[in-house]
Asker: 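The structure under discussion is supplied below as structure tokens; questions concerning it will follow.
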Amino acid sequence: MKIFAQIDQLKAFLKEENQTKLIGFVPTMGALHEGHLKLVEKSIQENDLTVCSIFVNKIQFNNEEDFAKYPNTLEEDIQLLESIGCNCLFAPDHSTIYPEGYRLKEYSLGDIEYVLEGSYRPGHFQGVCNVVNRLLGIIQPDRLYLGLKDFQQCKVIEKMTQLVCLERKLELKFCETIRNNDGLALSSRNKRLSVEGINKATILIKILNQAREKILAAKESIDLTLLGQESIKKILNSGFDSVDYFAFVNEHFEVIDLTSNKNKPSTILTAGTIEGVRLIDNIKI
Ligand code: PAF
């Protein structure tokens with residue numbers, strides 16, 4: 001696997017390769033787990049060349065502590081990527097991505113920027129869009145692979161790519177959430193949980209599943225306010241310290257107004273904190 005920290009060297013390598021080859025790109029912040037590796041493997045299957053990036057993007061963290069505690073396992077990550085046959089790793093430092101004088105962009109993302117994750121992490125999605133757009137500009141892939149655990153992020157990046165002018169046509173590939181045997185969505189943040197915490201955290205997918213089943217089984221319209229409240233209570237009773245939201249969105253990622261039954265929920269999303277670690281998950285209805 002070729003490893004680059006500098007943009008010029010990566011670009012020179014890709015220039016030689018990309019005339020005729022399809023390039024798949026998997027952006028990550030490292031601390032790789034099976035979920036990331038599945039994205040890389042999918043890209044390897046579907047493209048001639050796969051680039052993975054590892055860059056802990058400071059500007060998307062609205063919480064200093066979360067950034068400071070983000071696991072850094074570069075050596076291990078390199079071994080994992082090599083073991084599955086990834087062609088190329090881009091692992092730049094902060095000043096390479098954001099050199100002095102670099103002007104961050106402001107994307108008109110609309111409501112999706114401010115709801116759910118956006119309301120708990122102000123600025124987060126602008127940070128994500130800035131780095132992903134920057135990386136797309138450098139790598140110019142044909143396909144971008146993203147995990148559906150971060151469903152709102154997938155939709156935000158989709159919106160961003162519609163707003164900007166990319167040099168190559170880009171296909172977005174949203175890939176299913178990879179889970180442990182008990183259903184817990186794999187996340188780099190899980191590394192900060194105790195074994196007990198990991199076990200307790202599986203409640204998120206269980207409650208999401210229960211809510212989904214209730215919605216599917218309901219013949220008439222269902223009281224989503226009550227369903228949301230009951231679900232939050234169950235998550236808290238199972239050991240979560242707090243739950244930020246248990247929300248229903250429609251197919252346009254509009255948060256469903258719980259006072260009206262007009263909208264059809266298409267995905268349920270939740271976020272909660274356990275042992276000081278904030279986890280998110282979602283399920284399609
Ligand atoms: O999902 C992530 O790991 C990050 O938000 C991403 C897409 C790599 C951008 O920093």
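When a ligand or atom number is given, it counts from 1 through the structure's own listing order.
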Asker: Specify the protein heavy atom at minimum distance from atom 5 (O) of ligand 1: its residue, its atom name, and the distance to 0.1 Å.
Answerer: Gln153 OE1, 2.7 Å
Asker: Applying salt bridge (charged side-chain N to carboxylate O under 4.0 Å, His left out), name anything that partners Glu76, two or more places apart in sequence or on another chain.
Answerer: none
Asker: Ignoring hydrogens, just give me the one of Met29, Lys58, Gln60 whose non-hydrogen atom is nearest atom 9 (C) of ligand 1.
Answerer: Gln60
Asker: Would you call Arg192-Asp66 a salt bridge at under 4.0 Å N-O?
Answerer: yes
Asker: Within the 4.0 Å heavy-atom shell around Val131, which atoms of ligand 1 are there?
Answerer: 9 (C), 10 (O)
Asker: Can we say Glu34 and Arg179 salt-bridge, meaning some charged N sits less than 4.0 Å from an Asp/Glu carboxylate O?
Answerer: no
Asker: Does the plane of the ring in Phe246 sit parallel, tilted or perpendicular to the ring in Phe248? Use 30° and 60° as the thresholds.
Answerer: perpendicular
